[in-house]
Q: 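Attaching a single structure in structure tokens format; questions to follow.
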Number of protein chains: 2
Amino acid sequence: MSKFGEKIRELRECNNLLLRELASEIKIDQALLSKIERGNRIATKKQALLIAGFFNVNREEFLSQWLGEKIAYELKDEELASEALKVAEEELEYYKKTKKETNHV
Amino acid sequence: MSKFGEKIRELRECNNLLLRELASEIKIDQALLSKIERGNRIATKKQALLIAGFFNVNREEFLSQWLGEKIAYELKDEELASEALKVAEEELEYYKKTKKETNHV
DNA sequence: CATATATTTGACAAACAGTGTCAAGTCAAA
DNA sequence: TTTGACTTGACACTGTTTGTCAAATATATG
């Protein structure tokens, strides 16, 4: 898995960069970048932002993919993952509404 | 928010139990249970199972709600939460498939 | 094949986030 | 104003995540 890691690798290779080169650009260890590309580690938000910035890609889209990956990674061994995602969606929806109401008072 | 916490409180009150009583049944501090019911803390999986067991409710459903709440809690301050959930869903779906293929080889 | 270059992996200390606990706080009913 | 139920904040403890290094593996090149 790890669409996010694949995406980084793709960006990196299309720009003819070595792991070491991209790693040094964004100031992380190349071993860590390797793990991120392969989906063995999840990037921090900061790192995701640095990468998006460096390649100049759409920031929101990239961050959504990063965050989505992070959640998927967390759920990868859970049998009830997809049910849980539905619950989470509802709950966030519900929360958004009540928050809006609260703000308007 | 916290549908999960509300659910526990509902179960507890319908069974005429005080916080302190339920807390002692499942062997946690009542302060902690209070926080869980109010959505200020996320129960551990173990605690969720103990509660489900104690009230004898559907285990899978209850765990899904627990896990969903956990994710929602994690995403509560993220602007891109709902996009991320979609990404996560896709990714898990994709992962499930490739895993299945792999197992069949 | 031998060497050089690129990437991957495992292990570990350091940093960080989550958990349980206690004592003090609020609130409502009597 | 006392009592009982619940809530909150602070803190030490625990466990997880993160970054880093060295060694291992793969890939390419003379």
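Note on naming: letters A, B, ... go to the chains in the order of the sequence lines (proteins, then strands), and numbering restarts at 1 for each one.
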Q: Of the options dC22(C), dG19(D), dT7(C), whose atoms approach the side-chain atoms of S34(A) most closely?
A: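 Selected nucleotide (nearest to the side chain): dT7(C).
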
Q: Closest-nucleotide mapping onto DNA chain D: is R9(B) or Q47(A) further toward the 5' terminus? I mean the 5' end.
A: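 Final value for this comparison: R9(B).
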
Q: So for K35(A) and dT20(D), does any side-chain atom that can act as donor or acceptor lie under 3.5 Å from a complementary atom in the base?
A: yes

Q: Salt-bridged, E37(A) to R9(A), with N to O below 4.0 Å?
A: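 Yes.
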
Q: D29(B) side chain: which of dC22(C), dT18(D), dC11(D) is closest?
A: dC22(C)

Q: Output the rounded distance in Å from CD (E13(B)) to P (dA5(D)).
A: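 Value for this atom pair: 13 Å.
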
Q: Give the rounded distance in Å between these two atoms: CG of L33(B) and C1' of dT19(C).
A: 14 Å

Q: Please state how far atom NZ in K70(A) lies from atom C1' in dT18(D), giving the value in whole angstrom units.
A: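 Result: 12 Å.
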
Q: Per the atom types in the model, does the base of dG4(D) pair as donor or acceptor with the side chain of R20(B) at under 3.5 Å?
A: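 Counting by modelled atom types and ignoring angles, no donor-acceptor contact under 3.5 Å is found here.
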
Q: Nearest to the side chain of A31(A) - dT9(C), dC12(C), dT19(C)?
A: dT9(C)

Q: Contact class for L32(A) (heavy atom, under 4.0 Å): base, sugar-phosphate, or nothing?
A: base

Q: Would you say R12(A) reaches dT7(C)'s phosphate, i.e. side-chain N/O to OP1/OP2 under 4.0 Å?
A: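 Answer is yes, contact under 4.0 Å.
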
Q: What's the spacing between I26(B) CD1 and L49(B) CG if we round to 0.5 Å?
A: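 It is 11.0 Å, given to the nearest 0.5 Å.
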
Q: Establish, with yes or no, whether the OP1 or OP2 oxygen of dT8(C) is under 4.0 angstrom from a side-chain nitrogen or oxygen of N40(A).
A: no

Q: Taking CD in E21(B) as the centre, count heavy atoms belonging to other residues, nucleotides or ligands within less than 6.0 Å. Is the count above 12?
A: yes

Q: Charged N to carboxylate O below 4.0 Å: is that the case for E78(A) and K70(B)?
A: no

Q: May I have the distance from I8(A) (atom CD1) to dT8(C) (atom P), rounded to whole angstrom?
A: 13 Å

Q: For E74(A) and dA17(C), what is the distance between atoms CD and P respectively, to the nearest whole Å?
A: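 In whole Å, dA17(C) P and E74(A) CD are 14 Å from each other.
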
Q: Any idea which of dA11(C), dT7(D), dC22(C) is nearest the L19(B) side chain?
A: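 Minimum distance to the L19(B) side chain belongs to dT7(D).
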
Q: Atom CD of Q30(A) to atom C1' of dG19(D): distance rounded to whole Å?
A: 14 Å

Q: Would you call L50(A) and F54(A) a side-chain contact if the rule is heavy atoms closer than 4.5 Å?
A: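 When only atoms from C-beta onward are counted, F54(A) and L50(A) do not touch, as no gap falls below 4.5 Å.
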
Q: In whole angstrom, what separates R38(B)'s CZ from dA5(D)'s P?
A: 18 Å

Q: Between dG20(C) atom P and K46(B) atom NZ, what is the distance in whole Å?
A: 9 Å

